[in-house]
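Okay, so here's the structure we're looking at.
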Amino acid sequence: AAVSFTGKYAKEGELLRRGYELWKETVNRRGGIKIGDKRYKVEIIYYDDQSDPKTTAKLVEKLITQDGVRFILGPYGSAQVFAAAGIVEKHKALMVQGGGASSKIYKQGYKYIFGVFNTAPDYGKNLIDLAVSLKPKPKTVAIIYEKDIFSEDAARGALERAKEKGLKVVLFESYPKGAQDLSSLMIKIRAKNPDIVIGAGHFRDSVLVVKQLKQFKINPKFVGLTVGPPVPAFVKALGKDAEYIFGPVQWSKAFNYKDPLFGDTKGYVEAYRKKYGEDPEYHSAGGTAAALALQIALERAGTLDVEKVRKELLKMKVETFYGVIGFDETGKIVTKPMAVVQIQNGRPVTVYPFKEAEPVYPKPPWE
Amino acid sequence: MRLLEVSDLEAGYGDVQVLRSVSLHVEEGEIVAIFGSNGSGKSTFLKVLIGTLKPWGGTVKFMERHVEDLPPEERVKLGIALAAEGRKLFLGMTVEENLLLGAWVKKEKAKENLERVYSYFPELYEKRRELAGDLSGGQQQMLSIGRALMSEPKLLMIDELSLGLAPAVVDRLANILTRIREEEGISMLIVEQEVSLALDISDRAYVFDLGEVVDEGRSEDLLRRDSIRKTYLSVL
Amino acid sequence: MGILPQLILESLLLGTFYAFMSLGFSLMWGVLNIINLAYGTYIILGAYTAYTLYTGLGVDPLLSIPFSFLLGLSFGVLLQRVLIDRVMRLEPFMVLILTFGLDVFLSNLLNLIFRADIRSIDVPYAERSFVIGPVIVTEVKVLVFFLSLLLTGAVYVLLQKTWTGRSIRAVALDREGAQIVGISPGKVFAVTSGLGTGIAFSSGNLYGVLQGFTPFDGGMLTVKAFLVSIVGGLGRVESALAGGLFLGFLEVFTAFYLGEGWKFFASLLVMFLFLLIRPRGLLGGKYYGEV
Amino acid sequence: MEEMSLLKVERVSKSFGGNRVLKEVSFTLEKGEILGIVGPNGSGKTTLLNVLTGIVRQDSGSVLFMGRRIDRLKPHQRARMGMGRTFQITRLFSNLTVLENVIIPMHYGGGGADERKAEEILKMVGLFELKDRKAGNLSLAQRKRLELARAISVEPKVLLLDEVFAGLNPVSVREILELLKKIHSETGVAMVLVEHVLKALFQITKRVIVLSEGRIIYEGDPEGMAKSEEVVKAYLGERYEAPRGQRS
Amino acid sequence: MGKYERLIFFLLLAMGLLPPLLTDYWERVLTLSLMLSSLSLAQNILLGYTGYPAFGCVAFFGIGGYTTALLMKDLGLPFWVSLPIGGVVSALFALLIAPPLMRLKSHYFAITTLALQLALGELVANLEFTGGAQGINLPIYVGPGGYLIFFYLFLLLTIFAFLLNVYVERSTFGYALKAIREDETAAETMGVNTVLFKSVSFSMMALITGLSGGVYAYWITYIDPTSMFDPLLSVKIFVALLLGGVGTVAGPLLGAFTLEFLSEVLWGRFPKVHGVVLGLLIVLIVLIIPRGIWRR
Ligand SMILES: Nc1ncnc2c1ncn2[C@@H]1O[C@H](COP(=O)(O)OP(=O)(O)OP(=O)(O)O)[C@@H](O)[C@H]1O
Ligand SMILES: Nc1ncnc2c1ncn2[C@@H]1O[C@H](COP(=O)(O)OP(=O)(O)OP(=O)(O)O)[C@@H](O)[C@H]1O
Ligand SMILES: [Mg+2]
Ligand SMILES: [Mg+2]
């Protein structure tokens, strides 16, 4: 796998790697993957793509041509996945990924790419669905997004759903990748004073958006960020300012499913807690799930032949700690729901559609 | 006292030797001229004296001190100044800035000397705010000489004294140089093609040919010497 | 409309910082005739210095400016003596390559030490702001503004000690000519390079307070410094101010009216056009590429 | 129809900034004529040559070459029409060899390039031995000679020479003079010589123009020039009796 | 062609026989080396003979690459048609901007081209039809020869660029370029139409660079603004040139191969620090062999 250890997506990349590592250790402790009659120990080669898709492409090329790898666990970030996909496809290797949610990945007619994430528009849609269900009903929304494949997708999802639900979209605007100062956008938002602010971006931007909203004394009733809130580091970085911010999740530990490797969702959470000393969130879970799907397909195929493994993936419909895993012919997962969490008292709690707690709304002003 | 004493100087470029065992001296208060055939190494000789070209061998003594290993800037501090061939002006700076920089080693007297140079070359005063690179050829030559004067050197070296200068300016310059020598006792080493002019203003002269000194003597004597008259004076 | 004062304020605050930030670049270029492609990374080095001092020892980044300056100064002198002096004699584009190599080296070294994660210096006053009528004023930006102004003034005064300033330019124009009048080029190069690098480092402190940074942000900053120098003209403090403000206004207004994404493009485009049409800059005199 | 002049300059003016360097300069040059241009330093002589060759564009006035207005033509186009020039402050291709310096203009200025012919020309100016030397490594006088070689190599219709004698010692001056005379008698090329070395100039030209502050203050034969009070005052200097060269 | 030029020419031809002996990995390294060779040879025409360092030459790599990619993706044109169009578009663009651009000299010129390169990258990243910052995934090549075809394409391009260099070195055209390099005003008064010659040499560079970009795009299948307008690639081209020796026909080839092999070795040996080592390498090359291997 080529994963971001450094760069913009260092945080998410690290979480993803934890998911892979947990899976690897668990499988190896169990004796490895059983393919046909043999048992194989799992070994994962990692390279750091520095959060740069071009590097990802180069590294995947290297993994395949130089290291002779045939089965690839995906990188973090839709652009990275997108970049890697072309290369994997070119060499007819196989990639299962839990790091890219852009719908564009599945529109290329690729055959060897599978993903365990719901696609990005769902992130935005879930946030809006929650917002309009709250009282008093918000009327205006500002959507800002990072100019990248995933965030744009997510933002468009939100835009579409907001229009459907009769919200007035007062701002829909992007900022470039890697931006570290959003003053101009903030000035705009401040002038529009919307009820809802949706920020589609990644971990770094989430922190930045919150900081600058505060700096510019902007007080919307509802702040939703696509990536960030469920990650423990989010609260660590922002402290009190993180309170009451919403974020969609692919998965949460509130899910409840059976699992062939960890027993059930609880078993997974415990294993994770034991190894890393904190609760897992969906990035890690996505990683584990992707690896798990690959493992199951390998075992069912009973061979290392890429074509046969691919067939098994297409046929698959198994219940795991992560939800039911099953793909359509484009490689996209089609069998699991998403959720929304809110930070309350320094912890992300699931508030929609399953309710660990009631959402707090409207959000009180910054201190 | 011997101000400058050069003995057995050898120098060249790459592996082409240009100067062969050149010996020459300048007494205090003396004007010495160098002339001779083109390409005979006159400019090369001055480059070695100021230090922008390293000699292969031989010695250069200035005020009894060996200077052949000093970098140019040190020599300027000791009191040598050069108005070089090719001028080496700061083309992107104004005329006045060029002159002021000439006084780098005598900053305290910069203002005073500026006045003086302007009085020698009113042309420069008129152009003082313009870039040196925009001057005409002759004006640049004046600037180059003017700049060399700014450091109040003990030894003033001028390559191609009259190059590109109008006759009236040449006359003026000749006057100025003799006057400076009388008033301030500055010594000079001058390369000049116009032999009658060179011998006019100098006390002694050296004749270079193919990198060697082929003749030397008091200027009046040389002027009378037949060989010189034949080669350098009667050709036109 | 109510938004205009806000935009103008932002432009002013940002532009003044850009002016100071670019001063060293403009100086080295105008004087040494060197386009230092590692310049942006010098700024980033300054930012990391401030960051380390802040997180390690709790020194406020605004108070560690002198330290950054001295560090930059020594670094600049050293680099000049060890590396750049030797290469300056060759064609100018060789120095471009050299400094690019330096940039690759330094930024990757930073990456090795600090990793590519975005760092920020989270001073307690980072998010403070106050409202005056229609405008909201961020305290940090105001602080940076005044400091930039102050430091720019200091550099101005320094360069006005004309002998240093003049000697510096003379060497740039004709090295042999400078030697002939008694200036030691080596010393002048070292002084200029030290001064320029010192400015870069200390502006890094301010940059680090303004926003987050990663080891690889230097390239973009170099481009900005470049733009400021091109627009304003070289080697003069007034020009840097003009250029800095120009860039400030350009960025804020394009970001606001065209979108954040067009900010960098607009800067580059303007720079490109300036180079084509008016390479001497708004206030500049003759440039050296031409005789 | 009357015979047209080779070069006709009509009321040419040029300023740099506020500085008027040429003021309504007019003169003509007939085929095969040799014209001298003298004048104080900074009087606009080089600028005039720059206008003629198109390096500098005049503000007003016109230049006719062989009856055709050439104001809008680029330097290279004028070169191809038959203008050869030298530069006062030499502009050689310093990293190329002496020989290459001559071959290049032969390619682009006039007829074809022929190494043999280039060598011939180098022999004429006395640089043959140095033909493989880098041009940047020549002494001043050698560079001047190379400038000349380049200019004549294209067999131009008019040669514009900016201080070719400056920096040459008397022996060399003689050689170059002979060479110019020879070329002139063989090819009938017209020449314009900008020069301060009057004793050389007067050996070859019958007509001189004196420029002062961008204006023509004298036009006529050399003898008359030395008698003109204005010229003596502006250019020759009070103590000037006759051109130096004619003393000895 | 001179003796050693002929030798190099045959060596290049002989390289065409290598692929059966190569592993996937080495085939890739060689392909990359050939790409760099073609790029440095292209730059050599401009820098080596004309004296203009186009630091931002990768702008044309991007133009060629994107044109090719978009024609294939949006208009569904076959690669064999798109590629030449990409090259021509890039060359024409160069021809268009050369007259104003090439009034600048030395590092002003260098930086202006770099600004152009970065600006184009930003533009592409901001436009919709170019795929924005996300880039474009191209269809996978499935025709005869498989991926080896790209090796041969780059080889062909390199040979083409090489022959162009030989031509410039030998021809009167080359003399004009050298004259421009030495003193433009003088060249002009000697009868050289400097604007024309400069523009043509610039556009030759752009043609090869653009073609190279087109082949690269299809080869790598994923392109985005940062990879197609990458300043690091510009620098690599220059380092290759310096390493080999500017202004010779053999230098760029030598430099490109040495550099690519070196960075491949470093890349494999020191995965973590390769950036640091690359930077150091550039610095050392400039310091130690500023005139290139070939010249020494
Ligand atoms: N940089 C250089 N590299 C190689 N050879 C050179 C260099 N400069 C000058 N020469 C050669 O050295 C010899 C002496 O040159 P120098 O300039 O000293 O002569 P000069 O006496 O001043 O001649 P002139 O009267 O023409 O100015 C000449 O043959 C010249 O070609
Ligand atoms: N590019 C320029 N910009 C500004 N002023 C200029 C420029 N070129 C020439 N000048 C000015 O124009 C005037 C005439 O210069 P020109 O070179 O024509 O004189 P000249 O007659 O050739 O003198 P000389 O005998 O000294 O060579 C000078 O005062 C000079 O300073
Ligand atoms: Mg000489
Ligand atoms: Mg002149």
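What you see is a predicted model; the values in this text were computed from it and never measured. First the proteins, then the strands, lettered A, B, ... as listed; each starts at 1.
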- Task: List the steps, then state whether side chain to side chain contact (heavy atoms under 4.5 Å, CB included) holds for Leu140(D) with Glu160(B).
- Result: CA-CA 10 Å; Leu140(D) 178 71; Glu160(B) 305 287 358; 3.7 Å; yes
- Message: Can you tell me which portion of Leu165(B) sits under 4.5 Å from chain D's heavy atoms? Options are side chain, backbone, both or neither.
- Response: both
- Message: Quick check on Glu229(D): does its CD atom have over 12 non-hydrogen neighbours (other residues, nucleotides or ligands) under 6.0 Å away?
- Response: no
- Query: Is the count of non-hydrogen atoms from other residues, nucleotides or ligands lying under 6.0 Å from Lys123(D) atom NZ greater than 12?
  - Reply: yes
- Using a heavy-atom cutoff of under 4.5 Å, enumerate the residues of residues 34-48 of chain B that contact chain D, numbered in order, or state 'none'. Gly36(B), Ser37(B), Asn38(B), Gly39(B)
- Neighbour count >12 (heavy atoms, 6.0 Å) for atom NZ, Lys181(D): yes
- Message: Can you confirm whether Val16(B) sits close enough to Asn137(D) that some side-chain heavy atom of one is under 4.5 Å from a side-chain heavy atom of the other?
- Response: no
- Heavy-atom proximity to chain B below 4.5 Å, by part of Leu138(D): neither
- Message: Please enumerate all residues that pass ring pair (Phe, Tyr, Trp, His ring centres under 6.0 Å) together with Phe87(D), with sequence neighbours excluded.
- Response: none
- Taking atom CZ of Arg133(D) and atom OH of Tyr13(B), what is their separation to the nearest 0.5 Å? 9.5 Å
- Nearest heavy-atom approach of Asn41(D) to Ala166(B) is OD1-N, 3.2 Å
- Please determine, among Thr46(D), Leu168(D), Thr90(D), the option with the most heavy-atom pairs under 4.5 Å with chain B. Leu168(D)
- Task: Inspect the surroundings of NZ in Lys23(D) and state if more than 12 heavy atoms from other residues, nucleotides or ligands are less than 6.0 Å away.
- Result: yes
- Query: Non-hydrogen atoms of chain D under 4.5 Å away: do they reach the side chain of Glu130(B), the backbone, both or neither?
  - Reply: side chain
- Can you establish whether the number of heavy atoms outside Glu24(D) located under 6.0 Å from its atom CD is more than 12? yes
- Taking everything shown except Arg181(B) itself, do over 12 heavy atoms lie less than 6.0 Å from its CZ? yes
- Task: Might you confirm whether atom CD of Glu213(D) has over 12 heavy atoms from other residues, nucleotides or ligands at distances under 6.0 Å?
- Result: no
- Query: Asn19(D) versus chain B, heavy atoms under 4.5 Å apart: side chain, backbone, both or neither?
  - Reply: side chain
- Among Val38(D), Leu198(D), Val197(D), which residue meets the side-chain contact (heavy atoms from CB on, under 4.5 Å) test with Pro167(B)? Leu198(D)
- ring pair (Phe, Tyr, Trp, His ring centres under 6.0 Å) against Tyr125(B), all qualifying residues, sequence neighbours excluded: Tyr118(B)
- Neighbours of chain D found in residues 135-143 of chain B - heavy atoms under 4.5 Å: Ser136(B), Gly137(B), Gly138(B), Gln139(B), Gln140(B), Met142(B)
